[in-house]
Amino acid sequence: ETYRYFDLPFCLPDHVKEKKEALGEVLNGDRLVSGPYALDFLVDKESDILCKKKLTKEEVSQFRKAVKKDYYFQMYYDDLPIWGLIGRVDREGRAERDYRYFLYRHIHFDIQYNKDRVIEITARMDLHSVLDLTEDKEVDAEFTYSVNWKETDVPFEKRMDKFSQNSSVPHHLEIHWFSIINSCVTVLLLTGFLTTILMRILKNDFIKYTHDEESVDDQEETGWKYIHGDVFRFPKGKSLFAAALGCGTQLFTLTVFIFLLGLVGVFYPYNRGALFTALLVMYALTSGIAGYTATSFYCQLEGTNWVRNLLLTGNLFCGPLFLTFCFLNSIAIAYSATAALPFGTIIVIILIWSLVTSPLLVLGGIAGKNSRTEFQAPCRTTKYPREIPELHWYRRTIPQMAMAGFLPFSAIYIELYYIFASVWGHKIYTIYSILFIVFVILIIVTAFITVALTYFQLAAEDHEWWWRSFLCGGSTGIFIYGYCLYYYHARSDMSGFMQTSFFFGYMACICYGFFLMLGAVGFRAALIFVRHIYRSIKCE
């Protein structure tokens, strides 16, 4: 929850200059203005007066609220970030109604330089120079600051290193690597275990089915071979299914591109807003993939209304995201927080959507429609669907989704804490290599667990595996949203309507994106597997 610096009654400089922000910085909630401090190069200052002012009762109460909620400021000097709390609460041995509130009046800037370059800057608050804000009464305030310049031999190229090292402190790195090794072992055991079981079962199945064919032709078939005439029957709601697959494939491609940029080093710390800009541009450029995948698959499923399918694909992820954004932006405007996007930025985003995203989506759709490939089914589908036998409760969709989502979630959940601390806290996340390994693990586990569950579903003679494999793959997204609830209550200090709605609103969109992406991965894996096993037996 961020506000402009001069929303609080600090000393105003004569001319407040607003910094021109790039698109990503505006999305990031940065609204920078020129500060009141004059930090001239190599000029030391000792308790220079910034301004004297009489604070009214309202202003005292405004400052007290901010101090009570632990507000801190963020400034930039030569693109280096500086933070500091604006005041402190004296709670020692007192009941809450007797707390004392103090505002810091004096800031001490320590600046290190190398030749003609600024290398590091820190701001220290003078704990003794404070203003008592406990009572609602007018007070005379005098704000001062000191500046101290010191030479250092750190080269200019390395001045950002201390921020990147922040998240790779040795004990943090140990936790990261421990979580990765833990996940890798889980994955290897799981994949090894599943592969062995499936290979052995399938081998037995193949031997049994070929043996059956040789011995008696008219005996009753059982198991997954028994439903070969139904397994490639197209699912209900093919338009929605193809659209979800298209969106999922686009989000998967987007994620891979973002990782490549991260590994190359585009998102170095305090390249403010670079991630938001990259997400926006990449999403617009990859929309052709969604159009192509959805329409070509829809036409393979013998769908006729491809235009409606394309519209559905374009709105399946963007629609909910846009509605959430409108709601949350209205809240931010009501709170006059900097998270509210200015009208100009909203126009730019709409222009990108209408001039880049939509045309690419349509072009992809036309290319997909003209590709006209047939659906590769190794077995012919019978005219009438076979009845599905009565299934145990644990073979139904919801229990299967719970099983499928738990394993991939357990492989990523330690890393989730760091990502949440980075997105919703103010810790910096720089270890993209580790995150990429975790992402690969997530994809592998999702694919394997979906394949295993699809096999057991077919073995129980339940041939409606299309939607099931998508839902099972995507169920990890639901688990991540469950983790949001835990994080909100146990790990974060969020409070107030704005923070709560922003957290749950945008996390819902992110988890929905994960659901579509992992659902597409799960379905693709299941489709390859099903084609493979039915190709290996003779189907009449």
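A quick note: this is a predicted structure, and the numbers were derived from the prediction, not measured.
- Put simply, the side chain of Phe252 does not reach to within 4.5 Å of the side chain of Ile289, judged on heavy atoms.
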Compile the donor-acceptor pairs under 3.5 Å between side chains in residues 494-510 and protein atoms, sequence neighbours left out, one pair per line.
from, atom 1, to, atom 2, distance (Å)
Gln499, OE1, Ser495, N, 3.0
Gln499, NE2, Glu1, OE1, 2.8
Thr500, OG1, Tyr488, OH, 2.7
Thr500, OG1, Gly496, O, 2.8
Ser501, OG, Phe497, O, 2.9
Ser501, OG, Met498, O, 3.0

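- The CG atom of Leu127 lies 9.5 Å from the CE atom of Met125; values are rounded to the nearest 0.5 Å.
- Separating the CD atom in Glu415 from the CG atom in Leu442 is a distance of 12.0 Å, to the nearest 0.5 Å.
- Counting only distance, with no hydrogens or angles, the side chain of Ser146 and the backbone of Ser47 share a donor-acceptor pair below 3.5 Å.
- Judged by distance alone, the side chain of Arg64 and the main-chain N or O of Leu133 form a donor-acceptor pair under 3.5 Å.
- Rounded to the nearest 0.5 angstrom, Thr122 OG1 and Leu80 CG are separated by 10.5 Å.
- The heavy-atom pair separating Glu138 from Lys54 by the smallest distance is OE1-CE, 3.1 Å.
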Under the side chain to side chain contact (heavy atoms under 4.5 Å, CB included) rule, what do Leu275 and Asn28 come out as? Steps first, then yes or no, please. CA-CA 9 Å; Leu275 182 60; Asn28 206 10; over 6 Å; no

Check against side chain to side chain contact (heavy atoms under 4.5 Å, CB included), Leu435 and Tyr418: CA-CA 10 Å; Leu435 197 55; Tyr418 289 98; over 6 Å; no

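- Between Phe73 and Ala123, the shortest heavy-atom distance links the atoms CZ-CB, 4.5 Å.
- Taking a 6.0 Å sphere around NZ of Lys19, one finds it holds more than 12 heavy atoms contributed by other residues, nucleotides or ligands.
- A tilted orientation is assigned to the rings of Phe322 and Phe325, their planes being inclined by 30° to 60°.
- Aromatic rings of Phe63 and Phe10 (six-membered ring for Trp) have centroids within the 6.0 Å cut-off, being under it.
- Defined by atom type and a distance below 3.5 Å, a donor-acceptor pair is missing between the side-chain atoms of Ser287 and Thr357.
- Side-chain atoms of Trp353 never come within 3.5 Å of backbone atoms of Ser358 as a donor-acceptor pair (strictly under, hydrogens ignored).
- You'll find the side chain of Ile121 stays beyond 4.5 Å of the side chain of Met75, heavy atoms only.
- In this structure, the side chain of Thr134 engages the main chain of Tyr101 through a donor-acceptor pair within 3.5 Å.
- Residues satisfying the side chain to side chain contact (heavy atoms under 4.5 Å, CB included) criterion with Val362, sequence neighbours excluded, are Leu310, Ile366.
- Residues Asn329 and Ala339 approach most closely at OD1-O, 3.8 Å, considering heavy atoms.
- Between Asp132 and Arg100, the closest side-chain pair of non-hydrogen atoms falls below 4.5 Å.
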Run the numbers on Cys484 and Cys511 for disulfide bond (SG atoms under 2.5 Å apart), then give the verdict. CA-CA 10 Å; Cys484 292; Cys511 293; 4.5 Å; no

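- Shown here is Phe514, whose CZ atom has no more than 12 heavy atoms of other residues, nucleotides or ligands within 6.0 Å.
- A donor-acceptor pair under 3.5 Å links the side-chain atoms of Thr255 to the main chain of Leu251, judged by distance alone.
- How far CZ of Phe143 is from OH of Tyr37: 8.0 Å, rounded to the nearest 0.5 Å.
- The shortest side-chain heavy-atom distance between Leu316 and Tyr512 falls under the 4.5 Å cut-off.
- Thr345 OG1 to Leu27 CG: the interatomic distance, rounded to the nearest 0.5 Å, is 7.0 Å.
- Using a 4.0 Å cut-off between charged side-chain N and carboxylate O, Lys150 and Asp110 make no salt bridge.
- Heavy atoms from other residues, nucleotides or ligands lying under 6.0 Å from CG of Asp153 number 12 at most.
- Side-chain rings of Phe420 and Tyr417 stay apart, their centers remaining 6.0 Å or farther from each other.
- Between Asn309 and Ala243, the shortest heavy-atom distance links the atoms ND2-N, 3.9 Å.
- With a 4.5 Å cut-off on side-chain heavy atoms, Phe102 and Val67 do not count as touching.
- Salt bridge status for Asp126 with Arg105: absent, with no side-chain N to carboxylate O gap under 4.0 Å.
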Check the pair Ile331 / Phe327 against side chain to side chain contact (heavy atoms under 4.5 Å, CB included), numbers first and verdict last. CA-CA 7 Å; Ile331 292 172; Phe327 173 65; 3.6 Å; yes

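- Thr56 contributes a side-chain N or O that, together with a main-chain N or O of Glu59, makes up a donor-acceptor pair within less than 3.5 Å.
- A salt bridge is absent between Asp78 and Arg117; no separation between the charged side-chain nitrogens and carboxylate oxygens falls under 4.0 Å.
- The distance from atom OG1 of Thr277 to atom CE of Met282, rounded to the nearest 0.5 Å, is 11.5 Å.
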Quick one: do Phe409 and Phe406 satisfy ring pair (Phe, Tyr, Trp, His ring centres under 6.0 Å)? Show the steps, please. CA-CA 5 Å; Phe409 173 74; Phe406 180 72; 7.3 Å; no

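- A donor-acceptor pair is defined here as one N or O able to donate and one able to accept, closer than 3.5 Å; such a pair exists between the side chain of Asn315 and the backbone of Leu311.
- For Tyr77 (side chain) and Ile111 (main-chain N/O), no donor-acceptor pair under 3.5 Å exists by modelled atom type.
- Of all non-hydrogen atoms in Leu254 and Tyr283, the two that sit nearest each other are CD1-N, 3.6 Å.
- Here the side chain of Glu21 pairs a donor or acceptor atom with the backbone of Leu32 at under 3.5 angstrom.
- By the 4.0 Å N-to-carboxylate-O rule, Arg31 lies too far from Asp7 to be salt-bridged with it.
- In terms of modelled atom types and a separation under 3.5 Å, the side chain of Lys45 and the main chain of Ala38 share a donor-acceptor contact.
- Counting heavy atoms from C-beta on, the side chains of Val26 and Phe276 never come closer than 4.5 Å.
- At least one side-chain heavy atom of Ile412 sits less than 4.5 Å from a side-chain heavy atom of Ile480.
- No side-chain heavy atom of Tyr3 sits under 4.5 Å from any side-chain heavy atom of Leu8.
- Looking at every heavy atom in both residues, Trp149 comes nearest to Leu42 through CE2-N, 3.3 Å.
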Please report the C-alpha distance between Leu407 and Phe479 in whole Å, then the side-chain angles of each, then the deciding distance to 0.1 Å, and finally whether the side chain to side chain contact (heavy atoms under 4.5 Å, CB included) criterion is met. CA-CA 10 Å; Leu407 273 166; Phe479 274 84; over 6 Å; no

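- Residue-environment remark: OH (Tyr413) stays at or below the threshold of 12 foreign heavy atoms within 6.0 Å.
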